[in-house]
Amino acid sequence: MEAPKDYEELIRVIHERYDSMSKSYQRIAIYLTQNPNDTAVKTVNAIGEICGVHASNFVRFAQALGYTGFKELQTLFQKRLSTAAPGFEARVRALEDELGGHGSEGAGAFLRDLVLRDIASLQHLLDNTTAEAILKAAEMMDKAHTIYLLGQLRSAPIVDLVRYVLTMLGKKTVLLDASGGLATHMAAVIDRADLLFAVSFRFYATEVVNVVEKVGARGIPILAISDSTLSPLAKNATLLFSVPEHEYTFSRSLAAPMCLAQALMVALAAKLQKADNPRIPTVTQP
């Protein structure tokens, strides 16, 4: 095939061919699409170590896309870098310099590292989420007769928060709960007047992926939050919010996707209440 001429075309081709790629090529594709700045400046050996993929696979990956090797592919990322916002690792390094070394010893280092990475993730979220997308999500939720919520494993706390806020706002809401093994059966009653709000991150819960595929095949609107535009939720989502996850030494934080979910709820509340400063009704009185 003829090699893509610019970064945008390359990303489009990667998305088109992702499903037919091998597992190692998919890992490369995810890294390249989620970390374009680092791809521009890191050596292929360094990227390979991060991905857990041998450097030779990157060369073959590039050749499969029509390039002579990885360096030629990398030039597209380097051209993009001149106008791009800082990447995740660059943000972390800048924050480390700004905040200094306070609390960097012993147990304090755990909290400091997580906070630095969460701040960087939140900055990335702010730079890459448009007001238009948030308003569209609010319109989809406002229009829906019933909002069905789906999230398992690490995604469960996000849909629990969304269920609480939607309920307090008076929206008819159903949680597709995994307990009892009924989530798939409950999803069968969703119709086109409804909305499926699905959340899933690597490693994607199998039932969530299956439900999204079945619901999407029936032409039902899907609002999704995931970690990549290459996520298995992406191809069926009417609207996808991609919140890239970055490898932590122990766990991945929910700070950025939780913040996004809250922002979507505020946007919906503003629409429902026709107010610039919407309020969530309280359950108890002070």
Side-chain angles (χ1 to χ4, degrees), residues 8 11-23 25-27 29-30 32-34 125 128-130 132-156 158-160 162-163 166 171-178 181-245 254 256-257 260-261 263-265 267-268:
E8 289 73 19
I11 298 303
R12 178 182 59 77
V13 170
I14 288 175
H15 279 80
E16 290 174 351
R17 300 183 62 179
Y18 180 78
D19 287 342
S20 63
M21 291 180 181
S22 66
K23 293 296 184 183
Y25 279 18
Q26 286 184 344
R27 294 174 72 176
I30 290 171
L32 298 187
T33 55
Q34 290 191 350
L125 175 68
N128 292 276
T129 305
T130 66
E132 290 77 13
I134 293 173
L135 289 175
K136 181 178 179 181
E139 290 170 0
M140 291 172 66
M141 290 185 286
D142 180 38
K143 181 180 177 182
H145 177 265
T146 303
I147 300 176
Y148 289 81
L149 303 173
L150 179 61
Q152 298 176 10
L153 306 177
R154 289 186 297 115
S155 305
I158 299 173
V159 295
D160 281 341
V162 171
R163 178 177 63 162
L166 290 176
K171 287 296 296 184
K172 188 176 180 181
T173 307
V174 175
L175 176 65
L176 299 178
D177 195 343
L182 294 176
T184 300
H185 299 283
M186 293 169 67
V189 304
I190 305 175
D191 63 35
R192 294 189 179 186
D194 302 323
L195 172 71
L196 175 63
F197 190 139
V199 185
S200 189
F201 308 106
R202 252 188 340 139
F203 300 92
Y204 311 99
T206 301
E207 187 172 32
V208 172
V209 173
N210 291 340
V211 168
V212 168
E213 288 180 349
K214 291 179 180 178
V215 170
R218 290 160 50 204
I220 294 166
I222 298 174
L223 173 60
I225 298 176
S226 194
D227 58 341
S228 171
T229 53
L230 296 172
S231 158
L233 273 60
K235 58 186 175 183
N236 291 292
T238 308
L239 177 61
L240 172 73
F241 289 91
S242 175
V243 186
E245 291 189 310
L254 291 176
L260 172 61
L264 299 181
M265 294 303 99
L268 174 62

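The first residue of the sequence shown is numbered 1, and numbering continues consecutively from there.
With sequence neighbours left out, R154 forms a salt bridge (Lys or Arg N to Asp or Glu O under 4.0 Å) with E245. Listed by chain and residue number, nothing satisfies the side chain to side chain donor-acceptor pair (under 3.5 Å) test with R192 (two or more places apart in sequence, or in another chain). In terms of the salt bridge (Lys or Arg N to Asp or Glu O under 4.0 Å) criterion, D191 has no residue partners (sequence neighbours excluded). Taking T129 as the reference, nothing meets the side chain to side chain donor-acceptor pair (under 3.5 Å) condition, with sequence neighbours excluded.
Shown are L240, V199, L195; of these, the side-chain contact (heavy atoms from CB on, under 4.5 Å) with L223 is made only by L195.
Counting all heavy atoms, side chain and backbone alike, V243 lies closest to A256 at CG1-CB, 3.7 Å. Closest of all the heavy-atom pairs between N236 and G216 is OD1-CA, 4.1 Å. When all heavy atoms of I158 and P257 are compared, the pair lying nearest together is CD1-CB, 3.7 Å. Heavy atoms only, all atoms of each residue included: L196 and V211 are closest at CD2-CG1, 4.3 Å. Between F201 and L254, the shortest heavy-atom distance links the atoms CE1-CD2, 4.1 Å. Between I14 and M21 the shortest heavy-atom distance is O-CE, 3.9 Å.
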What pairs of donor and acceptor atoms, side-chain ones from residues 141-149 against any protein atom, are under 3.5 angstrom apart with sequence neighbours left out?
none

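Within the model, atoms OH of Y204 and OG of S155 stand 10.0 Å from one another, a figure rounded to the nearest 0.5 Å. Atom CD of Q34 is separated from atom OG of S242 by 6.0 Å, given to the nearest 0.5 angstrom. Between the CG atom in L150 and the CD1 atom in I222 there is a gap of 9.5 Å [rounded to 0.5 Å]. How far CG of L175 is from CG of D160: 6.5 Å, rounded to the nearest 0.5 Å. To the nearest 0.5 Å, atoms NZ (K136) and OG1 (T130) are separated by 10.0 Å. Atom CD1 of I225 is separated from atom CG of L264 by 5.5 Å, given to the nearest 0.5 angstrom.
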Requested in this report: Take L125 and L260 through the test side-chain contact (heavy atoms from CB on, under 4.5 Å) and record every step on the way to the result.
Outcome: CA-CA 8 Å; L125 175 68; L260 172 61; 4.2 Å; yes
Worksheet entry | Q26 vs L230, side-chain contact (heavy atoms from CB on, under 4.5 Å): CA-CA, chis, key distance, verdict | CA-CA 9 Å; Q26 286 184 344; L230 296 172; over 6 Å; no
Using the salt bridge (charged side-chain N to carboxylate O under 4.0 Å, His left out) rule, take E8 and R12 through it: C-alpha gap first, then chi angles, then the decisive distance, then the call.
CA-CA 6 Å; E8 289 73 19; R12 178 182 59 77; over 6 Å; no
For this session: Could you give me the CA-CA distance, side-chain angles and deciding distance for D19 and K235, then say whether salt bridge (charged side-chain N to carboxylate O under 4.0 Å, His left out) is met?
Result: CA-CA 10 Å; D19 287 342; K235 58 186 175 183; 3.6 Å; yes
Quick one, T184 with E207, criterion side chain to side chain donor-acceptor pair (under 3.5 Å). Give me CA distance, side-chain angles, the key distance, then yes/no.
CA-CA 7 Å; T184 300; E207 187 172 32; 3.0 Å; yes
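A donor-acceptor contact shorter than 3.5 Å is absent between the side chain of S228 and the backbone of I30.
Applying the side chain to side chain donor-acceptor pair (under 3.5 Å) test to every pair with at least one member in residues 213-226, sequence neighbours left out, gives these pairs: S226-S231.
Side-chain contact between E139 and L268 is absent, with no heavy atoms from C-beta onward closer than 4.5 Å.
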